[in-house]
Amino acid sequence: MGDFDFQVIINSLPFLWQGLQLSLWLTFLAIIGGLAFGTLLALARLSGIRTLAFVAAGYVNLIRSIPLILVIFWFYFLVPLALGRPVGGFQSALIAFVMFEAAYYSEIMRAGIQSVRKGQVHAGQASGLGYWQIQRYIVLPQAFRNMIPILVTQGIILFQDTSLVFVVSLRDFMTASSIVARTEGRLVEMYLFAALVYFVICFAGSMLVRYLKGRMAT
Amino acid sequence: MNYNWNWGILFEEQYFNWLLSGLGWTVSVALSAWVMAFTLGSLVGVGRTVPNRLVRTLCTAYVELFRNIPLLVQMFIWYFAVPELVPDDMGRWMKRDMPNPEFVTAVIALGFYTASRVAEQVRAGIETVPAGLNAAAKSQGLSLGQTYRYILLPISFRLIVPPMTSEFLTIFKNSSLALTIGLLELTAQSQQIAEYTFQGFEAFTAATVIYVCIALLATILMQLLERHTRIPGYVGKEA
């Protein structure tokens with residue numbers, strides 16, 4: 001332990017920072033995409049249209065029973081095949097994360113939407129609003145508000161999950177740390193440093209969740 | 001999209017055996033890690049509710065530490081860093097003589113990680129037991145140990161069966177991370193078949209179907225357990 005080499009970490013900071021930027025960017029885009037697709041899935045499940053609800057439920061349950069790594073492999077294989085040309089690793093990973101997270105977000109959304117009282121929808125209908133207007137102006141804003149803490153929690157989980165792009169060698173923070181660790185032969189330093197960085201970010205996120213929960217309770 | 005279908009590939013002896021051995025590793029990693037996570041997680045979860053402040057702080061620290069670091073990083077630390085950090089003799093043993101190093105490391109990493117999640121469920125379960133029961137136990141002269149043994153634990157463990165079910169399912173999925181340290185479990189085997197045969201569609205479908213079956217089977221088992229352990233008339237679905 002005496003020969004812990006801080007210099008190797010300092011020297012590789014610019015390279016690691018690039019990786020971290022990719023991790024954060026991937027997290028951000030996947031949250032946006034996952035939320036959008038997840039909301040659609042949740043609306044489909046609550047639409048009352050039998051086939052639509054059935055298909056959406058099937059999708060959600062399928063995705064939720066397989067590991068994320070397998071989903072990443074699936075889309076690395078499928079996306080180029082479907083488009084008929086090779087695409088960058090980032091796009092495939094992003095699609096995989098959006099498709100995967102949407103299943104989890106849709107469950108959160110469904111609970112959130114169901115937490116909005118039925119009377120609100122009826123009031124909207126009585127005021128002559130259409131389905132999409134009711135969702136857009138009445139149900140979803142209230143649902144989102146109730147869900148903010150749990151959505152942030154899911155965002156933290158997603159950020160941790162992005163480390164799994166390591167399996168397809170996309171250069172996120174984890175892969176960058178691992179590259180430095182191997183080329184410099186400094187496995188202990190680099191992996192402990194990676195753990196520290198992830199911990200600080202995720203712990204800060206969970207403090208934010210606690211703060212948000214406290215504010216909602218009042 | 002042009003693609004040469006060949007579902008028969010999955011039933012060729014070599015690849016079929018790969019899938020089978022992958023399934024074997026997935027199940028053994030998940031079940032072994034579950035035993036560890038359940039035991040340790042229960043202790044830590046109980047520790048977060050005891051009156052002793054030091055124990056509570058330590059257990060909270062454990063949960064925060066293991067929950068806020070990605071499982072992949074933890075896996076690498078256990079596999080690459082820990083043998084360098086422990087005393088020399090032990091490190092040498094871990095690197096050279098430890099039997100099945102990938103399997104053991106995967107179980108340890110997954111076990112410690114999942115324990116932090118189990119601990120949260122156990123703590124939540126104990127906290128939902130009405131405060132009156134605790135007070136009643138005290139007024140009857142039960143010691144702290146007796147209160148946990150006869151009142152808090154029997155009730156809370158029966159209450160947390162549903163959230164534990166989802167942790168139990170998650171551990172099977174998370175066992176796929178063992179492939180990053182070279183354990184050829186189910187996902188790794190399907191990836192390997194895809195690389196050898198270029199039949200990615202068939203290989204990944206096989207793995208997907210097997211994972212879905214595991215999830216169904218685990219859900220059914222846990223539902224039986226839930227029905228068996230339900231507390232009649234207590235908070236829950238029917239109350």
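Proteins get letters first, then strands, A, B, ... in listed order; numbering begins at 1 in each. Side chains included, hydrogens not; waters and symmetry mates left out as well; all remaining heavy atoms used.
Between B/R123 and B/S156, the closest side-chain pair of non-hydrogen atoms is not below 4.5 Å. Side-chain contact between B/M94 and B/V82 is present, with at least one heavy-atom pair separated by less than 4.5 Å.
Ring pair A/F77/A/W74 is tilted by interplanar angle, where 30° to 60° counts as tilted.
At least one donor-acceptor pair under 3.5 Å links the side chain of B/E185 to the backbone N or O of B/A188. Between the B/T114 side chain and the B/G111 main chain, no donor and acceptor come within less than 3.5 Å of each other. Here the side chain of B/D97 pairs no donor or acceptor atom with the backbone of B/W93 at under 3.5 angstrom.
Using a 4.5 Å cut-off between non-hydrogen atoms, the part of residues 153-184 of chain A that approaches chain B consists of A/Q160, A/S163, A/L164, A/F166, A/V167, A/M174, A/R182. When the heavy atoms of residues 60-71 of chain A are compared with those of chain B, the residues falling under 4.5 Å are A/L62, A/R64, A/S65, A/I66, A/P67, A/I69, A/L70, listed by number.
Taking chain A as the reference chain and counting heavy-atom pairs below 4.5 Å, the highest number among B/S176, B/S175, B/A194 is found for B/S176. Heavy-atom pairs under 4.5 Å with chain A peak, among B/A81, B/P70, B/A215, at B/P70. With chain A as partner, the option from B/N174, B/T180, B/L65 having the largest number of non-hydrogen pairs under 4.5 angstrom is B/L65. When the candidates B/F80, B/F204, B/Y211, B/F172 are compared by the number of heavy-atom contacts under 4.5 Å with chain A, B/F204 comes out ahead. Note: B/T208 leads B/T208, B/V212, B/T219 in heavy-atom pairs under 4.5 Å with chain A.
At most 12 heavy atoms of other shown residues, nucleotides or ligands fall within 6.0 angstrom of atom CE in B/M90. More than 12 non-hydrogen atoms from other residues, nucleotides or ligands lie less than 6.0 angstrom from CZ of A/F15. B/F198 CZ: 12 or fewer foreign heavy atoms inside a 6.0 Å radius. Heavy-atom neighbours of B/R56 CZ from other residues, nucleotides or ligands within 6.0 Å: above the threshold of 12.
The parts of A/F73 that come within reach of chain B are both its backbone and its side chain, each placing non-hydrogen atoms under 4.5 angstrom from that chain. Neither the backbone nor the side chain of B/I210 comes within contact range of chain A; no heavy atoms are under 4.5 Å apart.
Here A/Y191 and B/W78 keep their ring centres 6.0 angstrom or further from each other.
For A/R210 and B/E64, the salt-bridge test passes: some basic side-chain N is under 4.0 Å from an acidic carboxylate O. Under a 4.0 Å N-O distance rule, the pair B/E127/B/R48 does not qualify as a salt bridge.
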